[in-house]
Amino acid sequence: MLTKRIIPCLDIKDGRTVKGVNFIDLRDAGDPVALAKQYANMGADELVFLDISATLEGRPTTLEMVLHVAEQVNIPFTVGGGISSVEDVDALLQCGADKVSINSSAVKRPELVNELAEKFGSQCVVVAIDAKQVNGQWKVHLAGGSIPTDIDLFEWAKEVEQRGAGEILFTSMNHDGTKNGFANKALAKLSETLNIPIIASGGAGNIQHFIDAFKEGKADAALAASVFHFGEIPIPELKKELRNHNIEVRL
Amino acid sequence: MKLVIINYGAGNIKSIQFAFNRLGIDAVLSNNPQEILAADKIIFPGVGEASTAMKKLKESGLDTLIPDLKQPVLGICLGMQLLCNATEEGDTQGLGIFNTTVKRFSNNVKVPQMGWNIIKNLKSDLFTGIKESEYMYLVHSYYAELCAETIATTDYGVNYASALQHKNFFGVQFHPEKSSLAGEKILDNFLKL
């Protein structure tokens, strides 16, 4: 059986790992390559690197870091942040990234999803969606969550699936940084209406939150940062507990 | 040991090269027929769309060279699928090494299959030291139907061939280069065949 995936997310700025609390305050949590290797050894199923400085300041994602990660890490990884063209993606894949994640650039020019899927295959196209629930409506936000739009989360997710996205990385802005659990209702709706994998992101605080994201949220994978970076939830313990709750994981 | 990774412009070959580097082997990336023929071992990679990849193979004449290879050849992911008779993806004729057909997963499962799943019914030297039901990383929307050449199976809505072998040709649907230590062990086994 296909297992549920646990994905540490490493936010990158100037080649260092940082984690924004609600995307604003930054705390240094180390060297990305060393952290990546450590996570692979601990049983992480995949890694995501987000160049959080990229969209806000237009800085290109550091290809050199991607190359070092690809050299040293034996599990798949996704790179996101500031990717806006076929050329950007080509360069990242050439350096050894397995997948790329696009966010604001897809909203600005949805055809980018089609272009990437056609040229590189859907399997490497992750569309990241940051959304916030306002008056009961889930609305897509841009540029690291700072710019609201009128776009409905579920309509947008369906559209990118049809355009060739291979996976959705859904971050709830209401939950991110709160450590109060994932947005399970929205996750379950996404998972039931789409036929591509959904990664849950935003809100992980304890092991029960992951159990809920998989059982109630029907997520295919769960992503978190600070609970892993600061050792609050050891991945081996998390996976053991998931298995105790009859959730299939790689152990 | 001269290891060549066939470079025909389809897929993430850097990660395969890096995986062999971690095993202490320098793999050469090449689409040069002489260089490929002179290799001890050959990796036939592939990620992307089948008909596009087959077109690239034909443009470089590799579609006629590959089936005649006598050295151990390991097809990975789309590389394995192109070694089959045919694939539904882009209604593409394959190289006909493995006597099976590649079909699309039905929509009763999420497509692509993305993540770690188990391989079982292992029967090949390729899997020496690999335990039954070991986890491998897979990303694919199409699968090879079970056939006499099946050397590993996986369940995803359907029980399918996740590895194949015919004479000197091996194929794996999963990505050993991305499947942690067990994946590296399979690559090491291939080097020792």
Side-chain angles (χ1 to χ4, degrees), chain A residues 1-7 37 40-47 66-78 90 92-99 117-126 161 164-168 191-192 194-199 218 220-221 239 248-251, chain B residues 7 9-23 29 46-50 52-53 77-78 89-90 105-118 120 133-142 154-157 174-185 187:
Chain A
M1 196 174 164
L2 183 65
T3 60
K4 302 291 188 183
R5 287 169 283 154
I6 297 298
I7 309 177
K37 279 174 79 169
N41 292 338
M42 286 167 73
D45 296 304
E46 238 178 276
L47 298 167
V66 173
L67 197 63
H68 290 314
V69 173
E71 277 169 354
Q72 298 188 42
V73 176
N74 57 13
I75 59 170
F77 68 98
T78 302
D90 197 32
L92 286 164
L93 297 181
Q94 294 283 339
C95 283
D98 298 285
K99 302 185 244 184
E118 276 156 33
K119 180 145 171 74
F120 307 107
S122 291
Q123 81 291 331
C124 70
V125 183
V126 182
E161 177 186 39
E167 198 166 32
I168 303 274
S191 200
E192 281 158 6
L194 304 188
N195 202 43
I196 53 176
I198 310 293
I199 306 171
K218 300 182 169 58
D220 298 283
K239 292 182 107 177
E248 287 280 335
V249 287
R250 178 177 69 108
L251 271 178
Chain B
N7 182 8
N12 189 349
I13 50 180
K14 264 285 194 287
S15 5
I16 301 175
Q17 193 179 25
F18 289 147
F20 282 111
N21 283 348
R22 292 194 291 270
L23 294 169
L29 308 179
V47 168
E49 200 275 327
T52 311
C77 195
L78 181 63
E89 189 177 25
F105 283 121
S106 71
N107 279 339
N108 60 6
V109 288
K110 290 195 174 185
V111 183
Q113 170 172 224
M114 190 175 294
W116 300 77
N117 201 336
I118 57 177
K120 53 190 183 176
S133 300
E134 181 57 87
Y135 291 99
M136 289 289 146
Y137 185 77
L138 299 132
V139 185
H140 60 126
S141 302
Y142 294 78
T154 294
D155 287 315
Y156 191 60
F174 47 85
H175 287 273
E177 76 280 14
K178 286 289 166 180
S179 294
S180 195
L181 297 175
E184 286 175 354
K185 172 73 178 152
L187 294 179

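This is a predicted model, so every value here is computed, not measured. Letters A, B, ... mirror the listed sequences (proteins, then strands); counts begin at 1.
- Looking at A:Cys95, the atoms closer than 4.5 Å to chain B (heavy atoms on both sides) all sit in the backbone: N, CA, C or O.
- At a 4.5 Å heavy-atom cutoff, B:Asn21 makes no contact with chain A through either its backbone or its side chain.
- Note that the NZ atom of B:Lys178 and the CZ atom of A:Phe77 stand 5.0 Å from one another [nearest 0.5 Å].
- Proximity to chain B (any heavy atom under 4.5 Å) is shown, for A:Glu118, by neither the backbone nor the side chain.
- Here the side chain of A:Glu161 pairs a donor or acceptor atom with the backbone of A:Asn195 at under 3.5 angstrom.
- Separation of atoms CD (B:Glu177) and NZ (B:Lys14) is listed at 14.0 Å; rounding is to 0.5 Å.
- In this structure, no portion of B:Glu49 lies under 4.5 Å from any heavy atom of chain A.
- If you measure heavy-atom distances from A:Ile199 to chain B, you find no contacts under 4.5 Å at all.
- In terms of heavy-atom pairs under 4.5 Å with chain B, the best-connected choice from A:Gly121, A:Gly43, A:Ala117, A:Ala70 is A:Ala70.
- The greatest number of non-hydrogen atom pairs below 4.5 Å with chain B, out of A:Leu194, A:Asn41, A:Val249, is found for A:Val249.
- Atom CG in B:Asn117 sits 6.0 Å away from atom CG in B:Leu138 (nearest 0.5 Å).
- Listed options A:Pro76, A:Ala40, A:Pro197 were ranked by heavy-atom pairs under 4.5 angstrom with chain B; first place goes to A:Pro76.
- Taking 4.5 Å as the limit, every side-chain heavy atom of A:Gln123 sits out of range of all side-chain heavy atoms of B:Ser141.
- The part of A:Ala97 that comes within reach of chain B is its backbone (N, CA, C, O), which places non-hydrogen atoms under 4.5 angstrom from that chain.
- Here the CZ atom belonging to A:Phe120 is positioned 12.0 Å from the OG1 atom belonging to B:Thr52, to the nearest 0.5 angstrom.
- Residue contact with chain A, scored on non-hydrogen atoms closer than 4.5 Å, involves the backbone and the side chain of B:Leu181 alike.
- Heavy-atom pairs under 4.5 Å with chain B were tallied for A:Lys119, A:Glu248, A:Glu167; the largest tally goes to A:Glu167.
- At distances below 3.5 Å, not a single donor-acceptor pair connects side-chain atoms of B:Tyr142 with backbone N or O atoms of B:Leu78.
- Listed for the A:Asp45 side chain is a donor-acceptor partner under 3.5 Å among the backbone atoms of A:Ile6.
- By the side-chain hydrogen bond (donor to acceptor under 3.5 Å, both in side chains) test, A:Glu46 pairs with A:Arg5, A:Lys99, sequence neighbours left out.
- Using a 4.5 Å cut-off between heavy atoms, A:Ile75 touches chain B through backbone and side chain atoms alike.
- Applying the salt bridge (charged side-chain N to carboxylate O under 4.0 Å, His left out) criterion to A:Lys4, with sequence neighbours excluded, gives no partner residue.
- Interface remark: B:Ser179 contributes backbone atoms only to the contact with chain A (heavy atom separation under 4.5 Å).
- The choice from B:Asn107, B:Ile118, B:Ile16 that makes the most heavy-atom pairs within less than 4.5 Å of chain A is B:Asn107.
- For A:Leu251, the part sitting under 4.5 Å from any heavy atom of chain B is the backbone (N, CA, C, O) and nothing else.
- Proximity to chain B (any heavy atom under 4.5 Å) is shown, for A:Thr3, by both the backbone and the side chain.
- Counting all heavy atoms, side chain and backbone alike, A:Ala165 lies closest to A:Ile196 at O-CD1, 3.6 Å.
- Contact of A:Asp220 with chain B is made through the side chain alone, with heavy-atom distances under 4.5 Å.
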